[in-house]
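Just so it is clear, the model here is predicted, and its values are computed rather than measured. Letters A, B, ... mirror the listed sequences (proteins, then strands); counts begin at 1.
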Protein chains: 2
Amino acid sequence: MPVFLPKEPTRSQLSLTAILYALSDEVRLGIVRQLAAEGEQPCGVFEVDRPKSSLSHHFRVLRESGVVSTRKEGKNLLNTLRRKDLDARFPGLLKAILR
Amino acid sequence: MPVFLPKEPTRSQLSLTAILYALSDEVRLGIVRQLAAEGEQPCGVFEVDRPKSSLSHHFRVLRESGVVSTRKEGKNLLNTLRRKDLDARFPGLLKAILR
DNA sequence: AGATTAATTCGAAGAAAATCGAACTATCGT
DNA sequence: ACGATAGTTCGATTTTCTTCGAATTAATCT
């Protein structure tokens with residue numbers, strides 16, 4: 001069984017509807033807002049009233065839609081907002097959503 | 001039985017996540033793009049590969065989220081993009097999504 | 001090696017959404 | 001009044017999401 005497969009879309013694979021869908025959930029939008037404000041962060045720091053497996057699900061949706069990128073750093077996974085890619089493909093979108 | 005109840009949110013009731021959700025569907029986004037390009041239009045002019053009842057469902061989602069406003073004009077219902085309200089509450093959002 | 005921590009995957013259950021046909025309402029034209 | 005047109009509502013089915021506990025992987029620490 002595979003352990004961890006990123007499966008993040010490339011910049012040119014980004015889909016607007018998939019991104020809008022990912023951001024249409026309060027929990028996920030909250031995560032994205034926090035990433036925008038604080039920068040790279042491990043999954044564990046997000047204070048969400050949900051068990052880990054649920055949080056993990058939401059991170060997956062964010063990754064698969066290309067909103068967030070995740071890299072491994074020792075024991076944890078560090079998440080970042082894919083600002084550059086998002087701005088390149090959909091200028092102004094992130095700014096409008098995060099304001 | 002009620003015949004037709006708009007139930008459109010006021011400007012201040014607009015919810016970002018509800019709007020993003022409404023626009024996260026290809027069919028609905030297509031409708032919105034066309035409304036943006038052509039202005040007010042009846043439901044019937046949209047060439048969508050779906051039966052009327054499905055189209056009607058998508059219009060309802062657009063109305064209930066506040067993306068579209070519908071008024072009755074004789075035999076048909078005319079739909080418009082709620083540009084002013086959307087721009088007021090979420091500046092730049094529509095522009096970024098429609099470009 | 002064993003324990004701890006970080007986060008994922010799996011699987012099942014429940015909730016929410018999409019889809020479509022059929023029936024309905026309202027308006028218009030003849 | 002009848003028929004056609006525009007679009008909705010209803011109800012059932014299917015599909016897709018969310019949620020969560022339990023098991024799992026991987027890294028770190030003692």
Rounded interatomic separation in angstrom, taking [atom1] from [X] and [atom2] from [N]:
X	N	atom1	atom2	answer
B/L62	D/dT8	CG	C1'	15 Å
B/E73	D/dG7	CD	P	12 Å
B/L77	C/dA26	CG	C1'	10 Å
B/H58	C/dT19	NE2	P	4 Å
A/D49	D/dT19	CG	P	10 Å
A/H57	D/dT16	NE2	P	14 Å
B/K75	C/dG29	NZ	P	6 Å
B/K52	D/dC10	NZ	C1'	17 Å

When every non-hydrogen atom of A/G66 is compared with those of A/L86, the smallest separation belongs to O-CD2, 4.1 Å

Any side-chain N or O of [X] less than 4.0 Å from the OP1 or OP2 oxygen of [N]?
X	N	result
B/Y21	C/dA18	yes
A/R60	C/dA7	no
A/R28	D/dT18	yes
B/R50	C/dT19	yes
B/S56	D/dG7	no
A/R63	C/dT8	yes

### Query
Within the modelled atom types, does a donor on one side and an acceptor on the other bring the side chain of B/S53 and the base of C/dG21 under 3.5 Å apart?
yes

Comparing A/G74 with A/P51, nearest DNA chain D nucleotide closer to 5' gives the residue A/P51

Donor on one side chain, acceptor on other, A/S69 and A/R82, under 3.5 Å: no

| For B/F46, which contact category applies under a 4.0 Å heavy-atom criterion: base, sugar-phosphate, or nothing? | nothing

Would you say B/L98 and B/R33 make side-chain contact, with heavy atoms under 4.5 Å? yes

Would you check if A/E8 and A/E64 make a side-chain contact, meaning some heavy-atom pair closer than 4.5 Å?
no

(Q) Regarding B/E26 and B/R28, does a basic nitrogen lie under 4.0 Å from an acidic carboxylate oxygen? (A) no

Which of C/dC28, D/dG7, D/dT18 is nearest the side chain of A/V61? It is D/dT18

